[in-house]
Amino acid sequence: MQLERKNIWNKYDQSELESLEKVSTEYMAYLDAGKTEREVVKTSQEMAEKAGYVDIQEIIRNKTKLKPGDKVYATLMKKAIALFLIGEEPIEKGMNILGAHVDSPRLDVKQDPLYEDTDLAYLDTHYYGGIKKYQWVTIPLAIHGVVVRKDGSVIDVVIGEDEKDPVVFISDLLIHLSREQMEKKAGKVIEGDDLNIIIGNKPVKGQEKDAVKKGILKLLKETYDMEEEDFISAELEVVPAGRAREAGLDRSMIMAYGHDDRVCAYTSLAAHLEFTEVRRTACTLLVDKEEIGSVGATGMRSKFFENTFAELLEAMGEYSELTLRRALANSRMLSSDVSAAYDPTYASSFEKKNTAYLAKGMVFNKFTGSGGKSGSNDANPEYMADLRRILDENKVSYQTAELGKVDVGGGGTIAYILALYGMEVIDCGVAVLNMHAPWEVVSKADVYETKKGYEAFLSN
Ligand code: MN
Ligand code: MN
């Protein structure tokens, strides 16, 4: 067959359009419930439990013997989650694994953040992941996260999402006085250390020095029973305030914060939860820290996945070092992350044949990386051929892509990490416009096709 990429909207009949809208609505609710890695993992855990998944710690405690059809999940530090549905086939033959990341670019509040300057109270931040800093000023921002007191008690914080909540923001210089600023390079227009969040302007009565800051501290004490020192053990993330919205007059798209990579996390999880039995054991991995190199205990490079899998084998009565190695080597993975959608306004950054488009289906990247595929997992054609068969048999629309033109940039994913076990891995996911901007855009049709693609993969 000839290669052609069609806009996929016209392939749907009325009943399929209804299923598509249902998936979109559920995805938007998932986005609204999870704007940090912790919140996404919590939501995902709740969805898993509702579908009958049991915490592996409980399995270990009760010495439960796992058998085909059993559903198990594990979390790590509330920031990563792995789900397993035990298959009929011997585990040594490997698993079908879906993986995505749940962290997104944002501004993290520093550990000694609060200060006052000229009657304005501020929070200092350090940005997380790759951002165009100038995109984050003058928009409503929300604060999400936790403050952990010295006694271990945890304060959950979400400010700026409820319509009645206040929002916070970063100022920018007015255009009238910006002659000099407008001459600067885009990377320098707003500097990293100038991403200061304005959080107050009202002084406490009868105070001379730092009266506004004192007002904020009083408020924090009253609302959260927290002291200034408690910022030391806080993890507060500043994100765009507001909900996911339908985009386009025809409502064909979704605009939201954090599509990268919750669009793949949601579709992977939702596809996984459709199953009650599988031939090959199904696994879905939602991990943290991809945006800063998959580092740390909750990032894909940690032993969390391998440790959890070892526990799973033990609970199945199958654990041995060799079985673990064989099962991992015989596994197959769809490592999912968003792909850059072709943007006609910036056409020169893309190569039209090898780029992803909105509304043209699930995206497969044989490789990612930058500057000569550096840092990429390069998937095998034998594996891709089998995936083509599976996708075609299940009428899933897909496209192949690279992240932009050769030598204009690039990006990484978690694919290379699982590939270390010697398993087949390919990068795939959903096309996104404005990737890493405060508000990113995806096509509802691509979200729907991608979920279908994952279901097809897990059923094979
Ligand atoms: Mn990503
Ligand atoms: Mn990213």
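Order of appearance sets the numbers: ligands from 1, and atoms from 1 within every ligand. All values below were derived from every heavy atom in this structure, side-chain atoms included, with hydrogens, water molecules and symmetry-related copies excluded. Just so it is clear, the model here is predicted, and its values are computed rather than measured.
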Within 45° of the axis and under 6.0 Å from the centre of the six-membered ring of Y134, does NZ or CZ of K132 qualify? no

Any chance you could lay out the side chain to side chain donor-acceptor pair (under 3.5 Å) test for E306 and Y421, step after step, and finish with the verdict? CA-CA 10 Å; E306 193 180 313; Y421 292 111; 2.7 Å; yes

Could you identify the N, O or S atom of D260 positioned closest to the Mn ion (ligand 1)? OD1

Salt-bridge contact K42-E46 (side-chain N to carboxylate O under 4.0 Å): yes

Do NZ/NE/NH1/NH2 and the carboxylate oxygens of R251 and E21 come within less than 4.0 Å? no

Distance check below 2.8 Å: does E291 bring an N, O or S atom to the Mn ion (ligand 1)? no

Is the distance from the Mn ion (ligand 2) to some N, O or S atom of H436 under 2.8 Å? yes

Note: K11-E449 ion pair, threshold 4.0 Å (strictly below): yes

Is C264 close enough that one of its N/O/S atoms sits under 2.8 Å from the Mn ion (ligand 1)? no

Shortest-distance N/O/S atom, D337 versus the Mn ion (ligand 1): OD1

